[in-house]
Protein chains: 2
Amino acid sequence: MPQEIPEVVIDRLPVYVRALAALERQGREVVNSQELGERLGVTPAQIRKDLSYFGRFGKQGRGYNVGRLLEELRQILGLTKEWPMVLVGVGQLGRAIVAYGGFVPQGFRIVEAFDVDAKIVGATVDGLTVKSLDSLPQVVKRRKVEIAIVAVPAATAQDVIDMLVGAGVKAILNYAPIAAHAPASVQIKDIDPVLSLQSMTFYVNNAGGKT
Amino acid sequence: MPQEIPEVVIDRLPVYVRALAALERQGREVVNSQELGERLGVTPAQIRKDLSYFGRFGKQGRGYNVGRLLEELRQILGLTKEWPMVLVGVGQLGRAIVAYGGFVPQGFRIVEAFDVDAKIVGATVDGLTVKSLDSLPQVVKRRKVEIAIVAVPAATAQDVIDMLVGAGVKAILNYAPIAAHAPASVQIKDIDPVLSLQSMTFYVNNAGGKT
DNA sequence: GTATGTGAACCACTTCACAGCA
DNA sequence: TGCTGTGAAGTGGTTCACATAC
């Protein structure tokens, strides 16, 4: 149904969700675009325009009901359900990802972990038994997993991604430092701290700020 | 000196650097914008336009000399030197960051680690002795550190960032899930896998791809 | 002949500014 | 009166297309 919504808008919604959740925990009932914008470093107009793609959630003269808007955005983003995920690559990085406590509270849970390395397969990591990569397609299908996390070395990452796409995965969080290729029907987001550092050094070197 | 260069352009340069480095390892001497674009999922015009902000690095009818262009871009980004960094927050996430092997080969090295927790201060993590947060300003100044990594809980992240800014740090890689505030003269890049997941679920839920 | 470098055209996102509703 | 929702205007980035250089 939503078709011409800019991707940047979708990328901002989770940020709004987080801010609203914080406000709700503080017991706030109402917030306006002005205040929300200040907290997030975004203009009020931006927020109102973003929300207008999806409906009318505010009340003129008042602002937005925090709980209501939060619920609406969660619904829009699909955050009202639990998302099972598979992890591919159980090396040092993969283990850190499994141990990371930030996913589960937001409804994202790694339910299976895979690796090619025979020395790792069969081991238990944080309660997960590492499976052979060969079994990935069947497991993905059986457990109806739509999201995967890739934490393998750059050299094998594209192959792994191809395999995941073939298995029917619809979204991939990629920690491998490569420019991954996938059909447009599959979402890919890269997590790449080195790229972030390498672009920041430009500004540090050419001091004076980004403007 | 460079002043009207879009930030998105700067963000793409490290991607070009990585591709060029890979080509160089393969022994390639020349590459054109067409091929580079295909590898990176970027249009050839984009690449040529991006590079044109900084100079004329190509030869008509031929393309770009891989080694030459790589060297130029490294120079532009400031990647020809070593960048010492400090880490704040030596919990589970912080330890994983220290252990991460992707920084050092690119010239980024964590030289000091800090924490508030008295139980952690004094401990040795991967060869680093964890220092008290109180000593951060002096250490940053003495060692002339310009880049910091923040891996503390959300609740204390803004305070830590303020402290880093006060100490003179010029770039911050922020792993805390907050919308951080800092003066425009200080670069901030966020690493936030949860936000990435939360926006991808939108497209998974509304299947049919991003177009 | 071939691929760069670049002004111009195009497109997408952001911000403005105000009508309209609570 | 106050703040949303939104067309219209503005801004910034991408793509085109071709003159230019090898």
Checklist entry - Base, sugar-phosphate alone, or nothing: which one does Arg56(B) contact when heavy atoms must sit under 4.0 Å apart? => result sugar-phosphate

Out of [options], which has the shortest distance to the side chain of [X]?
X: Arg48(B); options: dG5(C), dG13(D), dG5(D); answer: dG5(C)
X: Asn32(A); options: dG5(C), dT4(D), dC13(C); answer: dT4(D)
X: Gln60(A); options: dC22(D), dT4(C), dA22(C); answer: dA22(C)
X: Pro6(B); options: dT15(D), dT4(C), dG13(D); answer: dG13(D)
X: Lys49(A); options: dA8(D), dG13(D), dC3(D); answer: dA8(D)
X: Ala45(B); options: dA22(C), dC16(D), dG13(D); answer: dC16(D)

Item to check | Electrostatic pair Arg142(B)-Glu112(B), nearest N-O below 4.0 angstrom | outcome: no

Quick one: is [N] close enough that its OP1 or OP2 comes under 4.0 Å of any side-chain N or O from [X]?
X: Ser33(B); N: dA3(C); result: no
X: Gln46(B); N: dG13(D); result: no
X: Tyr64(B); N: dG5(C); result: yes
X: Arg12(A); N: dT14(C); result: yes
X: Thr43(A); N: dT15(C); result: yes

What is the distance, rounded to the nearest whole Å, between atom [atom1] of [X] and atom [atom2] of [N]?
X: Arg62(B); N: dA3(C); atom1: CZ; atom2: P; answer: 11 Å
X: Glu4(A); N: dC13(C); atom1: CD; atom2: P; answer: 11 Å
X: Leu36(A); N: dC3(D); atom1: CG; atom2: C1'; answer: 14 Å
X: Asp50(A); N: dT6(D); atom1: CG; atom2: C1'; answer: 13 Å
X: Glu7(B); N: dC13(C); atom1: CD; atom2: P; answer: 17 Å
X: Arg68(A); N: dT4(D); atom1: CZ; atom2: C1'; answer: 13 Å
X: Gln34(A); N: dT15(C); atom1: CD; atom2: P; answer: 13 Å
X: Ile47(A); N: dC3(D); atom1: CD1; atom2: C1'; answer: 13 Å

Next on the checklist: Using every non-hydrogen atom in the two residues, find where Ala171(B) and Val204(A) come nearest and quote the distance to one decimal.
Outcome noted: CB-CG2, 3.8 Å

Next on the checklist: For Gly41(B) versus His181(A), what's the shortest heavy-atom pair and its separation?
Outcome noted: N-CE1, 4.2 Å

Next on the checklist: Closer than 3.5 angstrom, by distance alone: can the side chain of Thr80(B) be matched with the main-chain N or O of Gln75(B) as a donor-acceptor pair?
Outcome noted: no

Next on the checklist: Nearest heavy atom decides the nucleotide; on that basis, is Lys59(A) or Gly58(B) closer to the 5' end of DNA chain C?
Outcome noted: Gly58(B)

Checklist entry - If you find the nucleotide of DNA chain C closest to Gly61(A) and the one closest to Tyr53(A), which residue's nucleotide is nearer the 5' end? => result Tyr53(A)

Next on the checklist: Over 60° means perpendicular and under 30° means parallel, so tell me whether Phe54(B) and Phe202(A) are parallel, tilted or perpendicular.
Outcome noted: perpendicular

Checklist entry - Between Pro44(A) and Val9(B), which has a closest nucleotide on DNA chain D that is more 5'? => result Pro44(A)

Checklist entry - Is the closest side-chain donor-acceptor distance between Gln198(A) and Arg18(B) under 3.5 Å? => result no

